[in-house]
Amino acid sequence: MSSATDADLHLFEARVAHNAPEGTARRLTLAVDEPIDPNPGQFLQVGRSGSETYLKRPLSISDWDAARGLLELLILPVGRGTRHIASARPGEMLTLLGPLGRGFPSPDELGAAPLLVGGGIGSAPLVFLARRLAASGNPPTTFIGASDGQRLAGEKSLAGCSRRLVLATEDGSRGEIGMVTSVIWEHLDGLEGITSIAACGPAGLLEAVKILSDRLGVPAFGSFEERMACGVGACLGCAIPMAKPGDGKKYLRVCADGPVFALEEVAIS
Amino acid sequence: MSSATDADLHLFEARVAHNAPEGTARRLTLAVDEPIDPNPGQFLQVGRSGSETYLKRPLSISDWDAARGLLELLILPVGRGTRHIASARPGEMLTLLGPLGRGFPSPDELGAAPLLVGGGIGSAPLVFLARRLAASGNPPTTFIGASDGQRLAGEKSLAGCSRRLVLATEDGSRGEIGMVTSVIWEHLDGLEGITSIAACGPAGLLEAVKILSDRLGVPAFGSFEERMACGVGACLGCAIPMAKPGDGKKYLRVCADGPVFALEEVAIS
Amino acid sequence: MKTDLSIRFGELELANPLVAVSGTFGYGFDYEPIIPPETFGAVVVKGTSLEPWPGNAPPRIVETPSGMLNAIGLENPGVDVLIEEYLPRLAERDTKVIVNVVGRTVDGYVGVAEKLDQRPEVHALELNVSCPNVDAGGMSFGTSPEAVAELIGATRRVTQKPLIVKLTPNVTDITVVARAAEEAGADALSLINTLLGMAIDTETGRPILANVVGGLSGPAIRPVALRCVYQARAATNLPIMGLGGVSSAEDVVAFIMAGASAVGIGTAMFADPRTPGRIVEELKEYRSRYDEWPIGRAHQ
Amino acid sequence: MKTDLSIRFGELELANPLVAVSGTFGYGFDYEPIIPPETFGAVVVKGTSLEPWPGNAPPRIVETPSGMLNAIGLENPGVDVLIEEYLPRLAERDTKVIVNVVGRTVDGYVGVAEKLDQRPEVHALELNVSCPNVDAGGMSFGTSPEAVAELIGATRRVTQKPLIVKLTPNVTDITVVARAAEEAGADALSLINTLLGMAIDTETGRPILANVVGGLSGPAIRPVALRCVYQARAATNLPIMGLGGVSSAEDVVAFIMAGASAVGIGTAMFADPRTPGRIVEELKEYRSRYDEWPIGRAHQ
Ligand SMILES: Cc1cc2nc3c(=O)[nH]c(=O)nc-3n(C[C@H](O)[C@H](O)[C@H](O)COP(=O)(O)OP(=O)(O)OC[C@H]3O[C@@H](n4cnc5c(N)ncnc54)[C@H](O)[C@@H]3O)c2cc1C
Ligand SMILES: Cc1cc2nc3c(=O)[nH]c(=O)nc-3n(C[C@H](O)[C@H](O)[C@H](O)COP(=O)(O)OP(=O)(O)OC[C@H]3O[C@@H](n4cnc5c(N)ncnc54)[C@H](O)[C@@H]3O)c2cc1C
Ligand SMILES: Cc1cc2nc3c(=O)[nH]c(=O)nc-3n(C[C@H](O)[C@H](O)[C@H](O)COP(=O)(O)O)c2cc1C
Ligand SMILES: Cc1cc2nc3c(=O)[nH]c(=O)nc-3n(C[C@H](O)[C@H](O)[C@H](O)COP(=O)(O)O)c2cc1C
Ligand code: FES
Ligand code: FES
């Protein structure tokens, strides 16, 4: 049931180097001394002292510069925990547990022409993935969407490492108008030859991506969210229903068996 | 049962102007805009955000410069609450409820030759009292003591507004050697004519002061401590046994009936 | 914009759902002018007995994570002093007044109720059968459905005032006691009193509270309180005052959704006396979302 | 300097008093290398049933002030998988292994105990009669002294392993159940399981947990846990594992003073996985203050 090898797990402090707005979200750049080696799609359990919250909060590794030890978080302040972490001041130390979970398949597995689909803050982990894909010689085609332009996340970085980046907003304030999953259908012609889909966003987006992947006949992977306590697989708090339960087993753990699952593995709710 | 008049109670934020060490304690200077009018012996319920503690902590008003709106706290970090408050950084805001409780009798009531006796951090409220007494033309004779020199509190300010200041440390590292209450007895000759005693410190000190006051035949007042929740008299959490219970009543409230009591009013434990 | 926060709690029409709970707000005036009594839809005064009670020896309180323990032991000056000194002053203010009633015997409760029956300043009585900090009476009543029923019956005989019964969460099944209270003729329930807890001073090796055990209150117990309200709502038709750890307007709404039509606040005032005022202000926005208060919505 | 932290917990000699509690430390390896299993005097594995149990639908957890609610529903792969996959690996590590046993019926518990009786990797069984998150079994056993006694009797017949009974605080009087367990032949008590609580999402008006109610754990419940240990110590002679909200070495010592000879930690690891290591380190200083562990000192 344990996923990553033991030595992968680190508990460390990292200094906030920058904290800048990115639309309605905040981009935190952390200076990491710890010898971590994360994969795109993995996440961290993040704590900031002086918080009224008791548990840490799961946040995707949005970007990772291994050479300089710079790690980026893209945080949408939605509740007490994310608000508190998102307001960390430069110079402050955050406590991090990770890298956690199973990330996206390797660039090799995603093939020569990967498609990335992100919705809202869900684009966060796609930045790191796109960077790895570009480095492997197969930059992705990327679609990201949000309700409005302020909620598009990771645009700049994604533009730099995608073959092509299409933006969609529901109010039309940036890019094409409509849900990103509808906009994709209008670009179907341009998507011939894609080899896989990697997605992150709300359930509706993942469902639409699953339909798309069936239509295109390519494997699709999505990053999922659930409330978490331990983040390492110990508490079984982050259950996600399996698509095909069996043998008395109905649920997988988002933190340790995911957060990235093949879309056919789990029931998207 | 209510002590102060209603309009006396304020809930306000004050900026930390300075935070400096004073032996093992910290002296915090707060810039107060609120129109408070505290008396020596009164205290504040103090909160600092980002604390793991749930309740505020009672701290005496150690000094008050009404003209400049500068309030001083002298804090001995002994537990989570005092440690957290004592480490507030200049520029930060603290939340204060007060001024609370009944302070020392007025300079008039304390008479022409008041004697102050402080032990350890207990000297904190005596600074404010000494300043008021000096301003009224009757600077006190002051004895303060502690286990060692590092734990003497308020020395400098007390020196400035006392007729005479005697220091005592148990290890002899500053001033005379011995408990302050023993040292006083050696100075008994010099204490003829004193009109009252005001004291603050551990129970042992207050007990010794009571004996001294009986011997000298002068009224004596002490500032007492008890764990507090509300600080305003509402919860009855800060009970102190009455010296002479009666009528089904056995306890007084340190926060609202005190913290300063005539030593004959309460049972010193 | 709808900013009428009024809500019906049994026979009482409250100006807003927030209630100052017994033992945390004295007799209504200690927090003036920061929390004037009319901030609340109702004020419940400190537990009151027939004769004065001295209360427990100190220490009486200990801070705990997100809460506190108290073992006040129901110190109070007795019902006569309440009537003479405190009620007249509180009656001048625009809020409902509820008296929390305590006794060591049924007669003790009945005696207080009898004296208060004719007092127009009192809008309801809250029978405290749930205080963990006294030897006799208090919680020993509240854990027995029969004793609760007997007490309600006896009190009902001497007063027409609405009878609110305040239950303890320190029971195996709160619905059993809630139903017993309903059948015995209670007009409303108040849920919950404190959880029985303790703290030890590791320096001395001794319990910190002189009373050894005390009652746990504050945000720490909120999930337990919410559960009790939800269960009692499902088990009885009585109006419910929900309380335990309330610290925000969102908490108030959660208790209402669980089934409460009045929501008490106590310990959170100690942590920040601005809380009640802030809650009432923020409730306006919540109120504007609904046609009526969403009482019991979580059961749908 | 005395840094031997060993302590006797019933028949078990623990290298230190700290125990990883059931359901919060998986099968011992999820937190490696930050919390290796040998950090603890003993590791209690997840509640284990005869057949695999799927557990409850999500959401299963909610954060609360200084704690959390969980309604995992005892998801586990069943005792056979435990024996084949998890026990051998844990047996290689230098700690005692305790299996938390669950069932929907007496036979369910007995079946698990029977299968584990011959496993040398298992040092004791902890009968979980206190889980609030399953329909049958769990807490419905633990609130009835008769059911607890029957269960212990039946389990005792099939195993010689030490039987620790884990009790629920959701009862009117924990000493009644504790005494029933002692009389029925339990070897030790484990106190406490979670408090029954709930949370409501005010946006949707619905309970947050799919299971509606869940178990409250973490520092919030520590005062209740300490009180239960203190009461059980006074009422029985059984060795006690104290747990509930432990987050520091001082907490461990407080539980020992209340009467525990083993002290569990769960939820606090989620908040900060460094906690167990730090506690064991800090316990050395505490240990050096006493000739022997001050078990039950608060009763003197
Ligand atoms: C693997 C993973 C990766 C994530 N990556 C990112 C990221 O890169 N950037 C980002 O901004 N957010 C990310 N999230 C979501 C983020 O963790 C939640 O928004 C956060 O936990 C909410 O905490 P809060 O205290 O701010 O809100 P709360 O006050 O706790 O709750 C606010 C709302 O958030 C929901 N919520 C609470 N906990 C979670 C949770 N663990 N997951 C999802 N929703 C939750 C609640 O239902 C509630 O409606 C990720 C979540 C997971 C599981
Ligand atoms: C009216 C009044 C005025 C005070 N003035 C000052 C002052 O000017 N400067 C100063 O440094 N301290 C002062 N104190 C003491 C200070 O309030 C306590 O040291 C503080 O509350 C302890 O909190 P903590 O979180 O640091 O310690 P905790 O971790 O809560 O406890 C540490 C120790 O302090 C004791 N303690 C806890 N609460 C109180 C309390 N309310 N009063 C006394 N002891 C307590 C406990 O028994 C424990 O041994 C005053 C107390 C009162 C009641
Ligand atoms: C200091 C204190 C004194 C209390 N006194 C009483 C009382 O006299 N009568 C009573 O029924 N409840 C009393 N309680 C319990 C509260 O009314 C309330 O039930 C409990 O504190 C939970 O609410 P809270 O978490 O909002 O404080 C007291 C609580 C505290 C903290
Ligand atoms: C996520 C989670 C899962 C749990 N699973 C079990 C279990 O399987 N069996 C059991 O007896 N107790 C279980 N418990 C209860 C704990 O073992 C413990 O009794 C409780 O959490 C109090 O301790 P703590 O506050 O240190 O966590 C679980 C608790 C949590 C938080
Ligand atoms: S969060 Fe604990 S198992 Fe996933
Ligand atoms: S602290 Fe509440 S009455 Fe004194």
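Numbered from 1 within each chain, the chains take letters A, B, ... in sequence-line order.
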Self-check item: Separation of C:S217 OG from B:Y54 OH (nearest 0.5 Å)
Solution: 8.0 Å
Quiz item: Can you tell me how far CD1 of B:I240 sits from CZ of C:R60, rounded to the nearest 0.5 angstrom?
Solution: 11.5 Å
Quiz prompt | Spacing of B:L236 atom CG and C:N56 atom CG [to the nearest 0.5 Å] | solution = 11.5 Å
Exercise. Select, from C:P52, C:P54, C:G26, the one with the greatest count of heavy-atom pairs under 4.5 Å involving chain B.
Key: C:P54
Quiz item: Are any of the side-chain heavy atoms of C:I208 and B:R227 separated by less than 4.5 Å?
Solution: yes
Exercise. Check whether any side-chain heavy atom of B:K56 sits under 4.5 Å from a side-chain heavy atom of C:F270, and report yes or no.
Key: no
For residues 65-79 of chain B, run the donor-acceptor check on the side chains, cut-off 3.5 Å, and write out each pair with its distance to 0.1 Å, sequence neighbours left out.
| from | atom 1 | to | atom 2 | distance (Å) |
| --- | --- | --- | --- | --- |
| B:D65 | OD1 | B:A67 | N | 3.2 |
| B:D65 | OD1 | B:R68 | N | 3.0 |
| B:D65 | OD2 | B:R68 | NE | 3.0 |
| B:E72 | OE1 | B:R27 | NH1 | 2.3 |

Exercise. Write out all pairs satisfying salt bridge (Lys or Arg N to Asp or Glu O under 4.0 Å) with one or both partners inside residues 31-54 of chain B, taking only residues at least two apart or from two chains.
Key: B:R48-B:E92
Quiz prompt | side-chain contact (heavy atoms from CB on, under 4.5 Å) between C:E63 and B:M228, intermediate numbers included | solution = CA-CA 9 Å; C:E63 189 186 61; B:M228 291 187 180; over 6 Å; no
Quiz item: So does C:E75 pair up with B:K249, basic N to acidic O under 4.0 Å?
Solution: yes
Quiz item: Do you know the tightest heavy-atom contact between B:L9 and C:P33?
Solution: O-CD, 3.5 Å
Quiz item: Who wins among C:G67, C:G28, C:P65 for the most heavy-atom pairs under 4.5 Å with chain B?
Solution: C:G67
Exercise. Give, for atom CG of B:L97 and atom CG of C:D272, the distance between the pair rounded to the nearest 0.5 Å.
Key: 9.5 Å
Practice problem: Measure across B:A229 and C:M68 and return the closest heavy-atom pair with its distance rounded to 0.1 Å. | Solution: CB-CE, 3.8 Å
Practice problem: Specify which of C:T267, C:V62, C:N76 makes the most heavy-atom pairs with chain B at under 4.5 Å. | Solution: C:T267
Self-check item: Non-hydrogen side-chain atoms of C:P273 and B:L11 separated by less than 4.5 Å
Solution: yes
Quiz item: Can you tell me how far OH of B:Y251 sits from CD1 of C:I72, rounded to the nearest 0.5 angstrom?
Solution: 11.5 Å
Quiz item: Nearest 0.5 Å, what's the SG-CD1 distance between B:C230 and C:I61?
Solution: 8.0 Å
Quiz prompt | Electrostatic pair B:E13:C:R274 at N-O distance under 4.0 angstrom | solution = yes
